[in-house]
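Reading through the structure tokens given below for one structure.
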Amino acid sequence: MEPNYDPQQIEAKWQQRWAEQKLFETEADAARKKYYVLEMLPYPSGDIHMGHVRNYSIGDALARYMRMKGFNVLHPIGWDAFGLPAENAAIKSQRHPAEFTFAHIDRMRAQLKRLGFSYDWRREFATCVPEYYRWNQWFFLQMYQRGLAYRKHSRVNWCPKCCTVLANEQVVDGCCWRHEDTPVVEKELEQWFLKITAYADQLLDHMKLLLRWPERVLAMQQNWIGKSFGTEVEFTVEALGRPLRVFTTRVDTIFGCTAVFIAPEHPLVEEIIARSPSVEHLLHLRSEVERVKASAVRARVEVNLEKQGISTGFTARNPYNGESVPLWVANFVLMEYGTGAVMAVPAHDQRDFEFCTAYGLPIRTVIVPARKSVRIGEMVIVRRGTSRTPTCDLGERRAIIREVDDNSYLLDFGEDIGGFGPDGRTWRVNEGDFDPIESDEPTAPDTPTSAYVEYGRLIDSGPYTGLTSQQAIERMTRDAEAQGFGKGTVQYRIKDWGISRQRYWGTPIPMIYCGACGVVPVPEKDLPVILPPHVTFTGTGESPLAQVPEFVRTTCPQCGGPARRETDTMDTFVDSSWYFYRYTDPKIDTAPINREKVRYWFPVDQYIGGIEHAILHLIYMRFFTKVMKDIGLVDSPEPVARLFTQGMVIKDGAKMSKSKGNVVDPTEMCAKYGADTVRLYMLFAAPPEKDLEWSDAGIEGASRFLQRVYRLVGRHAGSVRTVTAATTSEISDAGGGPAGLSAEERRLLRKAHQSLRHVTDDMEGRWHFNTDIAILMEFVNELVEMEPGLAAGSIHPSVLKNALEILVLLLALFSPHVADELWEALGHSEALLEVAWPQYDAALAAEEELEIPVQWNGKLRARIRVPAGASEDEIRRRALAEPKIAQALDGRQPAKVIVVAQKLVNIVVK
RNA sequence: GCGAAAGUGGCGGAAUUGGCAGACGCGCCAGACUUAGGAUCUGGUCCCGUAAGGGGUGGGGGUUCGAGUCCCCCCUUUCGCACCA
């Protein structure tokens, strides 16, 4: 009678034993190689969901593998415990957010423990305790001292449902990132900002250090930072005598500028209205500008809103050609990007084109396609005076293109032209220094129907006519700088991080407002500024802290006079921007982090989490690290060496969520199948970086597999448990190598070592756990198939034990409880986590005989079996002798026979 | 529009460097054991064809002895950014 697989009993037993043995506890140890596995810390929402299980199952497989490989592994977990949901629940039930938060943490901790992840629980902490958040305040003060935290009155994004401000990163499609159907409104508020823009260049530059981050994440961050090079050009508003700076990336098109557009919020707009020639005109202008402004606000929520504008009646002078062009207010111009003013070049910008067409403004073409593309070997005409260094008048000559790279070409003149080229007759020139012989004379199209936005060659552009766009941009920017009406500049899309939240459940911003001294930071010795426990939640949009007089009323640290505290709290993304440093010494109370421990454990070797944090968390975290490096707290500018972003867990085509009602509860699944099955299924159903579609039938399959393994090992444990397993080297040495074993034994060990090889290689490389588990299934299938041979005694128990041990050991990465149970059944007393990961034996894994497909003109026609070491000649002979082939050949000679060693034969016949 | 990823059986997915397309699992079909089976075990399962054989990895071209894989063009889907000047 076979014992039944009882995951509940097995898992409880091993979880208890692991805890008793303190198996997951680690300490820094300079003598050992370290490995830091980090999974994104969960928000205590109340229940662990399948996305967490997937995340942590991946991390745990890696942590266990690295442990068995002999690394000193740090594998911590904690709680991102401040935040809105707890506060919203508190408003509803009139209980304290801390109550919810800690109850949720207790519950989720139990759920995580039920899943058996190998966390060092001693390092657990929640970010909502003063021992942690005082350091948020400390960081804030450090940044304030360095001018990296500042207060500014500004237009901010406000979510009416959250009743608080949102950072730019928290606005998704014009809506709140938590409430995807709630449009964000704009509000004017005094807010605290962190100067992430000061690190924009570093954030961009250091991406080159992030070699093992997914391309996708880097692309998204690069996009978000949005660095663009351009030129600032100073126009003059003539009647006002006022300078008006515009930003452009295409100064080469400026001779085609037929208007200047400014944003409705531009400071000049007020002045323009005030200087209107008549009251009537003033009123008209004012109402029109308001209308445009209103449409602009909507445009930021809706995409592709109609372009609207109003002529101001004023003109602006273009410093390049002295021309006066009309000045318009336009709804699509953003005050917060560039200078809030743009030059309108309708011929070469699609938005300008649409606007100018709608309002009847002139369109002037100044860029034409440079020419048709040239190819190596083509004949071209080089223009008189073309030169690179050194200067030389080439006159008009014919040349052949020899080489092409980015923008330069190697021309061959076929004769010596003065010894400047590499061999006296070749010359390297820029694009635009020559014309292809057949190229048409560049001319402007008669009536353009859309803007020509590509680079090209300039026409009708005064002294710059004839240059290519690239050349013109460079030269025109230089000229503007020389003459003082412009300069080359860099623009970023990223904005400073607004961290003020008009909410209770967060870190109080440690600032004091004094009537006499102004804004005064809380002295470091007075930290932490404690969140007062008793507050009334109004949900009205003012910070609840403002309603607590004993919190607000304080004395000024500078003058001792009466003062009030800042009542806003910090964005919770501050909490998660440095928590991973804290795990190395979570209780330290003299500094935010323990530098020595950080030096040992950092960088995080592997960070694992959802792609949804590609911009938010992962950019804030990088920013914090850079500030910490500048403060001298850490050595490296980047905290995470390798990032892995797992896919989402999907059910019925949509991400699992309470609102969609398609949630599968991991805890229920644990009760039904056991944690080992849930974890195994999470890793088996899809490769970890792809989305995973939940299937009830699928998890049944995973459960059946574990039962099958359990029964299989159980059937043989009795007969091998007292036997000493043959070691791999003993097996290799037996009778002078694998040859000393029976064919059945060799077959068994081959499969075992092939499986070991596959899983080892995969853990070191691709992380396709789904294929690892498939290999384990094949291994089990093969073992079951071989059972008659076992009964017949053709496999020595010590060999069988070796194979079973490899099976159980591999399983330990994915389903650790049942693996330990079976390991024990095989006669061991230690947990598998303490067993060294074995090296596979290439000789044992090698196939003895190969089945080689024989193709006939690329189509499979036959198969031959040959010994693994067969020579090409032998394989060719065997293939040609194969009856089907010989028959098809019918005495003819094949045109060609291709033999790929170990792989295939292809017989080519005409 | 820009950037990234992806498109393979009824389904999830395999095929690491160009070399047997569909591993493994789910589902389905048949059988065994059973009073019974939603348990377990055995066999089958890309399509057309009785067969020999032929077709087949979103579509179209190309390179190659040989293409899911490489190149060119196109289509579709997902994700991120987006009147960013």
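All chains are named by letter (A, B, ...) in the order of the sequence lines, taking the proteins before the strands, and each is independently numbered beginning at 1. Everything numeric in this text was worked out from a predicted model, so none of it was measured.
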Pick the C1' atom in B:rA4 and in B:rG53, then give their distance to the nearest Å.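 The answer is 44 Å between these two C1' atoms.
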Roughly how far, to the nearest 0.5 Å, is CG of A:D676 from CZ of A:F814?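 One finds 12.0 Å between CZ of A:F814 and CG of A:D676.
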Going by a 90° cut-off around 0, is B:rG80 syn or anti?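 B:rG80: anti.
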For [X] and [Y], which I'm curious about, is there any donor-acceptor pair between the side chains at under 3.5 Å?
X	Y	answer
A:T253	A:Y452	no
A:N4	A:R711	no
A:E764	A:T760	no

Specify the residues of residues 859-867 of chain A, ordered by number, for which at least one heavy atom lies under 4.0 angstrom from an atom of RNA chain B.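 Per residue number, the list reads A:K859, A:R863.
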Results of side chain to side chain contact (heavy atoms under 4.5 Å, CB included) for A:Q221 - residues two or more places apart only: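 Partners of A:Q221 under the side chain to side chain contact (heavy atoms under 4.5 Å, CB included) test: A:M207, A:W213, A:V217, A:L618, A:I619, A:R622.
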With sequence neighbours excluded, residues passing side chain to side chain contact (heavy atoms under 4.5 Å, CB included) with A:D761: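 Partners of A:D761 by the side chain to side chain contact (heavy atoms under 4.5 Å, CB included) criterion, ordered by chain and then number, come out as A:R757, A:Y840.
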Salt bridge (Lys or Arg N to Asp or Glu O under 4.0 Å) partners of A:E787, counting only residues at least two apart: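 If we apply the salt bridge (Lys or Arg N to Asp or Glu O under 4.0 Å) test to A:E787, skipping adjacent residues, the hits are A:R715.
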Side-chain (A:S703) to main-chain (A:I699) donor-acceptor, under 3.5 angstrom: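 Judged by distance alone, no pair lies under 3.5 Å.
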Can you pull every protein N or O that's under 3.5 Å from an N or O on nucleotides 47-49 of chain B?
none

Using a cutoff of under 3.5 Å, can you pull out all pairs of nitrogen or oxygen atoms linking the protein to nucleotides 62-68 of chain B, with atom names and distances?
{"unit_1": "B:rC65", "atom_1": "O2'", "unit_2": "A:N906", "atom_2": "ND2", "d": "3.2"}
{"unit_1": "B:rC65", "atom_1": "O2", "unit_2": "A:N906", "atom_2": "ND2", "d": "2.6"}

Salt-bridge contact A:R747-A:E782 (side-chain N to carboxylate O under 4.0 Å):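 Salt bridge between A:R747 and A:E782, a charged N being under 4.0 Å from a carboxylate O: yes.
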All side-chain hydrogen bond (donor to acceptor under 3.5 Å, both in side chains) counterparts of A:T771, not counting sequence neighbours: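 Testing A:T771 for side-chain hydrogen bond (donor to acceptor under 3.5 Å, both in side chains), a comparison that skips the adjacent residues, returns none.
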What string of B, S and - do you get for nucleotides 11-17 of chain B, 5' to 3', when a contact is any protein heavy atom under 4.0 Å? -BSSSS-
Under the 3.5 Å Watson-Crick or G-U criterion, the dot-bracket string of RNA chain B, with | for inter-strand pairs: (((((((..(((......[....)))((((((.......))))))(((....)))..(((((..]....))))))))))))....
Is NZ or CZ of A:K307 both nearer than 6.0 Å to the six-membered ring centre of A:F332 and within 45° of the ring axis?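 Yes - A:K307 lies over the ring of A:F332, closer than 6.0 Å to its centre and within 45° of its axis.
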When you check the phosphate oxygens OP1 and OP2 of B:rA23, does a side-chain N or O of A:N781 lie under 4.0 Å from one of them?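 A:N781 to B:rA23 OP1/OP2: no side-chain N or O under 4.0 Å.
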According to a strict under-4.0 Å criterion, is A:R216 in side-chain N/O contact with OP1 or OP2 of B:rA6?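 No, outside the criterion.
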Produce the list of close N/O pairs, under 3.5 Å, pairing protein atoms with atoms of nucleotides 27-32 of chain B; give distances to one decimal.
{"unit_1": "B:rG27", "atom_1": "OP2", "unit_2": "A:R704", "atom_2": "NH2", "d": "3.4"}

Give me the distances for all protein-to-nucleotides 1-3 of chain B N/O pairs that come in under 3.5 Å?
none

Donor-acceptor pairs under 3.5 angstrom involving side-chain atoms of residues 679-687 of chain A: please list them, not counting sequence neighbours.
{"unit_1": "A:R679", "atom_1": "NH1", "unit_2": "A:L115", "atom_2": "O", "d": "2.8"}
{"unit_1": "A:R679", "atom_1": "NH1", "unit_2": "A:G116", "atom_2": "O", "d": "3.2"}
{"unit_1": "A:R679", "atom_1": "NH2", "unit_2": "A:D60", "atom_2": "OD2", "d": "2.5"}
{"unit_1": "A:Y681", "atom_1": "OH", "unit_2": "A:E693", "atom_2": "O", "d": "3.4"}
{"unit_1": "A:Y681", "atom_1": "OH", "unit_2": "A:S695", "atom_2": "N", "d": "3.0"}

